[in-house]
Amino acid sequence: MDKPALSSNWKKLQATLKKDAPKRKSSDRDADDKKRKLAEKRKPYRDSNQPLKRKRMSDTETESGTSATRRKSNAAAPVKIETSSRYKENEGRSTTAELGKYVAMDCEMVGVGPNPDNDSVLARVSVVNFNGDQIYDSYVRPKEMVTDWRTHVSGIAPKHMVEARTLEHVQKEIAEIMSGRILVGHAVSNDLDALLLGHPKRDIRDTSKHPPYRKIAGGGSPRLKILAEEFLGLKIQDGAHSSVEDARATMALYRREKDAFEREHLKKWPARMIADTREKGEGEKKKKKKKKTTRKR
């Protein structure tokens with residue numbers, strides 16, 4: 001059989017097969033198309049040779065997420081106030097730290113006499129400025145016989161008395177530092193009594209008497225250690241106390257609530273403003289009288 005006859009027979013066979021084949025309905029085709037599209041949605045095609053692309057966050061989304069994380073961390077973490085780390089034990093009066101308007105003081109005591117639990121005398125005093133820089137630090141030699149050094153609490157030991165200063169020497173230097181300045185302390189009246197010194201009440205800011213801080217102790221006098229940990233996030237007095245560390249914590253507590261401290265203080269001590277106004281008015285009247293007298297002459 002020649003090639004033209006073979007090709008014509010093949011064409012006839014193909015035409016017969018097409019006639020015999022069942023025709024697909026349009027509805028069946030639509031159903032198949034839907035299945036195919038659904039499968040494509042469920043299993044999107046990705047070339048195995050290409051790395052998976054991750055969705056990149058926009059700058060706005062990144063910033064908002066970062067700020068939200070910071071707000072969350074700030075809300076959980078207690079407020080911390082940094083203080084100076086400069087410290088030189090028994091330095092006396094610092095020659096480098098600036099004094100300023102505000103000073104914070106703290107003292108350490110030791111027990112004396114037959115009843116050392118109740119009878120205390122000064123053994124160390126420290127003063128810092130508004131920024132927490134050490135202004136003064138000195139051991140003080142007691143005049144009485146020490147019967148309980150309270151080393152585990154006070155941090156004072158007999159060895160510290162070798163280069164300790166006399167009470168009179170320390171009194172003079174502390175009085176000079178406090179003169180004309182705002183004194184910050186925690187139950188500071190106890191420290192002043194130990195130094196046998198006084199200070200105008202209008203120039204004292206006592207963290208143990210601040211109403212928001214007293215709430216921690218149910219209205220009573222709170223411990224400095226608890227206030228420092230609660231409001232500053234600072235852990236102090238874990239072992240032996242340091243009067244420098246305590247003075248810095250006290251100043252940090254005052255700085256944290258400075259505006260509230262001053263508002264409360266003005267309620268108790270408004271007299272100075274009135275007195276200053278009266279003195280100013282009287283001075284102006286005297287000047288006017290002198291001028292009139294001069295004109296008569």
Side-chain angles (χ1 to χ4, degrees), residues 74-84 100-109 111 117-120 122-133 135 150 152-155 174 177-178 181-273:
N74 290 339
V79 178
K80 292 186 178 182
I81 299 181
E82 296 296 333
T83 56
S84 172
K101 181 181 178 181
Y102 300 87
V103 293
M105 181 174 67
D106 188 79
C107 296
E108 296 297 340
M109 317 289 184
D117 292 335
N118 296 328
D119 298 331
S120 302
L122 181 67
R124 186 183 183 186
V125 57
S126 303
V127 181
V128 300
N129 63 11
F130 189 76
N131 296 319
D133 298 320
I135 297 295
R150 304 174 186 169
H152 65 289
V153 176
S154 67
I174 294 296
I177 291 172
M178 294 192 305
R181 292 180 173 83
I182 305 299
L183 176 62
V184 181
H186 190 80
V188 70
S189 60
N190 296 332
D191 299 324
L192 291 171
D193 289 343
L195 282 159
L196 303 178
L197 291 174
H199 198 67
K201 290 184 178 180
R202 69 172 73 253
D203 293 334
I204 291 176
R205 308 292 187 269
D206 197 327
T207 54
S208 70
K209 295 181 179 180
H210 188 49
Y213 291 159
R214 291 177 72 89
K215 289 181 181 179
I216 296 294
S221 180
R223 293 177 59 192
L224 179 61
K225 179 179 180 178
I226 295 174
L227 292 181
E229 187 170 359
E230 181 71 22
F231 294 100
L232 306 176
L234 299 175
K235 289 188 176 182
I236 62 173
Q237 301 178 354
D238 283 342
H241 296 196
S242 166
S243 51
V244 176
E245 183 181 54
D246 291 354
R248 286 174 175 164
T250 303
M251 180 59 84
L253 286 167
Y254 170 73
R255 288 171 53 191
R256 183 183 181 276
E257 294 279 325
K258 185 175 182 295
D259 293 340
F261 266 98
E262 297 308 317
R263 284 196 298 270
E264 289 292 326
H265 190 73
L266 284 175
K267 294 177 183 178
K268 298 178 181 179
W269 302 99
R272 172 177 282 184
M273 298 174 65

Under 4.5 Å between any side-chain heavy atoms of [X] and [Y], yes or no?
X      : Y      : result
Leu183 : Leu192 : yes
Trp269 : Lys201 : yes
Asp106 : His186 : no
Leu253 : Leu224 : yes
Asp203 : Met178 : no
Lys101 : Phe130 : no
Asp246 : Gln237 : yes
Leu234 : Arg248 : no

Please round to the nearest 0.5 Å and tell me the distance separating atom [atom1] of [X] and atom [atom2] of [Y].
X      : Y      : atom1 : atom2 : value
Phe231 : Glu257 : CZ    : CD    : 7.5 Å
Glu229 : Ile236 : CD    : CD1   : 9.5 Å
Ile182 : Tyr254 : CD1   : OH    : 6.5 Å

Which of these passes side chain to side chain contact (heavy atoms under 4.5 Å, CB included) with Arg256: Thr207, Leu227, Leu232?
Leu232

Check against side chain to side chain contact (heavy atoms under 4.5 Å, CB included), Asn131 and Met251
CA-CA 8 Å; Asn131 296 319; Met251 180 59 84; over 6 Å; no

Ring-plane angle category for Phe261 and His210, please: parallel below 30°, perpendicular beyond 60°, tilted otherwise.
parallel

Just do the side chain to side chain contact (heavy atoms under 4.5 Å, CB included) check on Met105 and Ile177 with the steps written out, would you?
CA-CA 10 Å; Met105 181 174 67; Ile177 291 172; over 6 Å; no

Please report the closest heavy-atom contact between [X] and [Y], naming both atoms and the distance.
X      : Y      : answer
Ser120 : Met109 : CB-CB, 3.9 Å
Val125 : Cys107 : CG2-SG, 3.7 Å
Val128 : Ile135 : C-CG1, 3.8 Å
Asp119 : Arg150 : O-NH2, 3.8 Å
Ala247 : Ser126 : CB-O, 4.3 Å
Ser208 : Ala187 : OG-N, 3.3 Å

Scan residues 205-217 for pairs that pass salt bridge (charged side-chain N to carboxylate O under 4.0 Å, His left out), counting only residues two or more places apart or in two chains.
Arg205-Glu262

Side-chain donor/acceptor of His265 to backbone N/O of Arg202, under 3.5 Å
yes

Is it true that, when you exclude Arg181 itself, more than 12 heavy atoms of the residues, nucleotides or ligands shown sit nearer than 6.0 Å to its CZ?
yes

For Lys267, check salt bridge (Lys or Arg N to Asp or Glu O under 4.0 Å) against everything at least two apart and list the hits.
Glu264

